[in-house]
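Position 1 is the first residue of the sequence; numbering continues from there. Atoms within each ligand, like the ligands themselves, are counted from 1 in listed order.
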Amino acid sequence: MPPALPRKVKVVEVGPRDGLQNEKTLIPAAVKIDLVDRLSDCGFANIEATSFVSPKWVPQMADAAEVMEKIRRRPGTIYSVLAPNMKGFEGALAAKADEVVIFGAASEAFSQKNINCSIAESIARFEPVARAAKDSGLRLRGSISCALGCPYQGEVGPEAVVDVVQRLAALGCDEIDVADTIGVGTPNRVRAVMEAAARVFPLKRISGHFHDTYGQALANIYAAMEVGVSIFHSSVAGLGGCPYAKGATGNVATEDVAYMLHGLGVETGLDLDRIVDAGQFISAHLGRKPVSRAGNAIAAKRAA
Ligand code: HMG
Ligand code: MG
């Protein structure tokens, strides 16, 4: 008997943040706002809308306050933002974010490149953010980059991930993301790291964040579901990359994830047709085809 899959999955749409942060040409805030609003109409319980990070490091996210001010909030949806330090937290609080995301790494080299400090220093920097988030009644999520491999350091073992999971858990994270930043993971390794993480943090609060660089993301999601993981991140139209992980492509496409989950009979609360429309909208703005097999197939069928 194959293991039972979760009956219900929460899909966190990260396109407006992870998807767009790496775009070289500045996208007008109005387009980002329109994208978030369209995604809100798709039924997501959680949308990662933007980041309060240094505009010197990630210029595309410099309009975070405007985006947060002007989006239409769907009751029941959690609007998350990245906040690497207190300056970011203050922006997030003023913008009435529902959830702040502190983001570290399982690899020292990536931590230095992405947030300019060691893993230990990052945790020390996250401490006041975590405390302030709790004091303000905001949800707190912790993200662990390079959980399955690092562009600078190579292999990353489950023990390095477990170490950071424990540190983020100690800060009071409500949810912890195991992120395959460069998409190098394969299903057995994903199963192993999820099982290891679940030994130190509740499984139902662990999420999988898979980039699709090597075409493994759907298989990795399935493998994580076999372990019991029931929260996954994805980007509409497969948007994205990471400014500090050269060659990393987008997150797994939301259309593909929704198509697979619905085909498996897993409840998501998502309207796939509307997600396809949102993917077409942002891709038209970016002047390219969506990087989603399911999205393109559905669009082609409609046009036939
Ligand atoms: P630093 O240069 O060490 O920080 O950067 P600093 O404190 O020395 O500040 C430098 C300047 O930035 C100062 O401005 C600060 O005020 C300003 P100046 O005085 O020179 O004019 N600054 C800020 N401005 C706005 N908002 C802020 C902020 N903080 C400082 N929050 C820092 C350290 C962490 C700030 C920087 O490295 C940074 O912003 N990094 C962000 C990198 C990033 O966003 N990466 C992509 C997101 S992570 C990701 O994609 C992975 C994920 O998807 C999971 C996965 O796939 O792996 C989550
Ligand atoms: Mg990412």
Side-chain angles (χ1 to χ4, degrees), residues 12-23 48-66 68 80-95 97 99-107 109-119 121-126 128-129 132 141-153 156 160-161 164 168 173 175-185 193 207-213 217 220 231-235 238-254:
V12 179
E13 170 57 49
V14 298
R17 193 283 302 171
D18 205 352
L20 298 184
Q21 70 183 8
N22 204 31
E23 287 295 329
E48 207 169 88
T50 185
S51 326
F52 285 87
V53 296
S54 167
K56 289 186 185 138
W57 286 67
V58 185
Q60 189 63 258
M61 296 286 111
D63 56 6
E66 182 180 356
M68 288 301 285
S80 314
V81 302
L82 267 54
N85 53 19
M86 278 311 285
K87 183 155 186 171
F89 176 77
E90 280 149 22
L93 186 66
E99 178 177 74
V100 294
V101 183
I102 48 183
F103 50 104
S107 129
F110 189 80
S111 182
Q112 288 291 352
K113 295 274 183 193
N114 194 38
I115 51 176
N116 205 24
C117 61
S118 68
I119 295 173
E121 283 162 349
S122 74
I123 299 295
R125 216 182 259 179
F126 297 153
V129 176
R141 172 145 62 82
S143 198
I144 306 175
S145 287
C146 296
L148 286 129
C150 168
Y152 309 105
Q153 202 172 290
V156 174
V161 179
V164 184
L168 290 174
C173 284
E175 232 165 84
I176 295 181
D177 315 329
V178 174
D180 188 4
T181 316
I182 53 170
V184 290
V193 74
S207 62
H209 176 113
F210 298 110
H211 286 255
D212 202 25
T213 318
N220 288 341
I231 309 171
F232 295 98
H233 297 189
S234 62
S235 270
L239 298 171
C242 176
Y244 299 101
K246 257 199 184 9
T249 60
N251 297 90
V252 62
T254 308

Using heavy atoms and a 4.0 Å limit, tell me yes or no: is Ala105 in contact with ligand 1?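 No.
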Min heavy-atom dist Gly91 to ligand 1 below 4.0 Å: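 Checking ligand 1 against Gly91, which is what was asked, there is no heavy-atom contact under 4.0 Å.
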Please classify the [X] to ligand 1 contact at 4.0 Å (heavy-atom distances, strictly less than): side chain, backbone, both or neither.
| X | result |
| --- | --- |
| Leu82 | side chain |
| Phe52 | backbone |
| His209 | side chain |
| Ala179 | side chain |

Enumerated ligand 1 atoms positioned under 4.0 Å from heavy atoms of Asn85: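 Result: 27 (C), 28 (C), 29 (N), 30 (C), 31 (N), 35 (C).
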In terms of atom number and element, which parts of ligand 1 are under 4.0 angstrom from non-hydrogen atoms of Arg125?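 What qualifies from ligand 1 is 33 (C), 34 (C).
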His211: which N/O/S atom is nearest the Mg ion (ligand 2)?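 Nearest N/O/S atom: NE2.
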Among the N, O or S atoms that Asp18 has, which is closest to the Mg ion (ligand 2)?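 The atom in question is OD2.
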Under 2.8 Å from the Mg ion (ligand 2) - does any N, O or S atom of His233 fall there?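 Looking at His233, which is the residue asked about, there is no N, O or S atom under 2.8 Å from the Mg ion (ligand 2).
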Which atom pairs, donor and acceptor, lie under 3.5 Å between side-chain atoms of residues 85-95 and protein residues at least two apart or in another chain?
unit_1: Asn85; atom_1: OD1; unit_2: Lys87; atom_2: N; d: 3.4
unit_1: Asn85; atom_1: OD1; unit_2: Gly88; atom_2: N; d: 2.9

Heavy atoms only: which of [options] is nearest to [atom]?
| atom | options | value |
| --- | --- | --- |
| atom 20 (O) of ligand 1 | His233, Lys56, Arg17, Met61 | Lys56 |
| atom 42 (C) of ligand 1 | Val53, Thr181, Asn114, Ile144 | Asn114 |
| atom 38 (C) of ligand 1 | Trp57, Phe110, Phe89, Phe210 | Trp57 |
| atom 11 (C) of ligand 1 | Gly19, Ala62, Cys150, Ser54 | Ser54 |

Looking at Thr181, Asn251, Leu239, Leu82, which hits side chain to side chain contact (heavy atoms under 4.5 Å, CB included) with Asp18?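 Among Thr181, Asn251, Leu239, Leu82, the one meeting side chain to side chain contact (heavy atoms under 4.5 Å, CB included) with Asp18 is Asn251.
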Side chain to side chain contact (heavy atoms under 4.5 Å, CB included), paired with Gln112, selected from Ser122, Ser118, Ser107: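 Single side chain to side chain contact (heavy atoms under 4.5 Å, CB included) partner of Gln112 among Ser122, Ser118, Ser107: Ser118.
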Are Thr254 and Glu13 close enough that a side-chain donor and a side-chain acceptor fall under 3.5 Å?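 Result is yes, a qualifying pair exists.
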